[in-house]
There are 2 protein chains.
Amino acid sequence: MNECSVAPRMGRQPLTTRAALSHVALRLFLEHGFDQTTVDDIATAAGIGRRTLFRYFPSKNDLPWGDFDAELARMRAFLAATDTTVSLVDALARAVVEFNRFPSEEVPFHRERMNLLLNVPALVAHSTLRYAEWRLVVSDFAAGRLGVAVDAIEPTVIGWVFLGASLAAYEQWLRTDGSNLIELLESALLLLKEGFTSGELPTVGPGGQA
Amino acid sequence: MNECSVAPRMGRQPLTTRAALSHVALRLFLEHGFDQTTVDDIATAAGIGRRTLFRYFPSKNDLPWGDFDAELARMRAFLAATDTTVSLVDALARAVVEFNRFPSEEVPFHRERMNLLLNVPALVAHSTLRYAEWRLVVSDFAAGRLGVAVDAIEPTVIGWVFLGASLAAYEQWLRTDGSNLIELLESALLLLKEGFTSGELPTVGPGGQA
DNA sequence: CAGACTAGTGGCACTCAGTGCCGAAAGTAC
DNA sequence: GTACTTTCGGCACTGAGTGCCACTAGTCTG
């Protein structure tokens with residue numbers, strides 16, 4: 001009948017949120033290490049049952065990612081809203097940069113999270129599945145622009161190439177203290193545009209800066 | 001004293017080999033599915049103890065890969081033996097093609113294996129760790145040629161880009177019955193050289209040079 | 001208010017991957 | 001034979017992830 005909707009939901013209220021759990025887990029991972037932290041530890045620290053935690057996140061590996069699906073949706077929307085006069089590569093480059101822009105107070109936090117995701121073997125492996133979703137967003141857009149199927153070779157390669165450039169920038173970012181992620185991303189994406197074959201590689205502009 | 005060496009080894013002889021176990025596992029995975037096959041099943045089918053199996057392979061996920069380290073060593077050697085007059089990109093392209101050449105009777109077998117590796121989520125995730133080793137071979141070589149550190153951005157991007165192209169070719173190969181892996185790889189690698197899709201991405205000058 | 005309904009919670013028991021320990025088995029060397 | 005070396009594999013354990021089910025905390029209807 002009535003679509004209750006708005007504020008007063010139907011059944012019992014959730015005790016916590018994905019974001020809160022992700023935060024608690026991240027803190028424990030940083031304190032004691034990913035492998036040393038059990039799911040029980042996290043559930044206890046969050047004040048919920050272990051069984052409940054697995055209803056918020058399908059696996060321990062997903063905890064650091066927080067609400068990645070929402071981020072992906074943002075990126076997809078950004079691409080969809082991009083003017084068609086912008087070239088494919090530029091559109092993707094802008095979207096990638098936008099996707100990785102964070103309020104400055106969250107940057108150190110994000111840095112630690114990425115540090116885990118790119119260094120803990122279990123997370124490195126698992127991340128592939130998230131990256132695949134990310135690549136799909138990219139190659140979906142590319143396929144639309146190029147007028148070919150999503151699973152054609154061009155969109156697929158483009159998906160991989162943009163992912164590679166992004167991760168290379170991330171690795172660089174984590175390696176160098178005080179470096180600027182956005183600038184590194186732009187450099188890496190420029191490398192793509194300019195093409196890396198020619199004689200050598202195009203020299204990238206003066207790297208660092210705040 | 002005497003370094004026994006040659007044929008008669010010291011202690012007890014191994015009951016089986018990595019290759020044999022990989023083969024048995026692959027057969028079971030194809031028959032019943034990866035997730036439906038337990039490590040116990042594999043050990044039993046191979047006639048060894050479960051504990052022993054874990055001495056041959058560190059995890060269930062490693063079984064389909066067989067002796068990947070040996071393959072990587074081959075690729076590394078191939079690159080090391082490549083004439084320095086061959087351009088960086090060409091050298092890598094040749095090595096990648098060589099790395100993926102198999103005797104024709106093994107092709108269907110290899111196809112099934114890659115089908116698993118690229119489709120079973122657990123394996124897709126785990127594969128990342130193997131790919132990382134592969135990328136290291138590529139970026140190591142690139143770093144040497146470019147005279148920069150392995151962890152500089154150029155070799156890193158190159159590693160990712162070649163991996164992406166290879167995997168794109170593999171996906172295409174698995175998708176289309178009767179297609180030729182080597183040809184698909186060459187196409188994908190050509191895309192890299194040419195800079196994919198004229199109209200969109202900038203065409204890169206005629207690659208070659210020393 | 002009671003009673004129906006709905007959705008989140010979490011305990012329990014289970015499966016399965018992976019590991020440490022340790023004694024047994026199967027070889028070689030003397 | 002004994003000594004030594006290496007592989008084997010059983011046993012018990014940890015920890016992730018799942019199915020089941022009763023319980024809790026809400027809303028809705030009358």
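Lettering follows sequence order; numbering is per chain, from 1. Just so you know, these numbers come straight off a predicted model, no measurement behind them. We use all heavy atoms of the structure for the numbers below, so side chains are in, but hydrogens, waters and symmetry mates are not.
- Annotation: the span from B:D90 atom CG to B:L189 atom CG amounts to 10.0 Å, rounded to 0.5 Å.
- Atom pair B:L15:CG and C:dA24:C1' shows a separation of 13 Å (rounding to whole Å applied).
- To the nearest 0.5 Å, atoms CZ (A:R101) and CD (A:E106) are separated by 14.0 Å.
- Distance check: A:S59 OG to A:L53 CG gives 10.0 Å after rounding to the nearest 0.5 Å.
- Note that the CE atom of A:M114 and the CH2 atom of A:W173 stand 7.5 Å from one another [nearest 0.5 Å].
- Whole-Å rounding puts the A:L63 CG to D:dA16 C1' distance at 12 Å.
- For D:dT7, its base sits under 3.5 Å from the side chain of B:R12 at one donor and acceptor pair at least.
- The CZ atom of A:F34 sits 4.0 Å away from the CG atom of A:L123 when rounded to the nearest 0.5 Å.
- Contact check of residues 29-59 of chain B against DNA chain D (heavy atom, cut-off under 4.0 Å) returns B:I48, B:G49, B:R51, B:T52, B:R55, B:Y56.
- Look at B:R27 and B:E31 and you find a salt bridge, because one of the NZ, NE, NH1 or NH2 atoms lies within 4.0 Å of a carboxylate O, short of that distance.
- Listed candidates were D:dT6, C:dG8, D:dC28. Nearest to the side chain of B:M10 is D:dT6.
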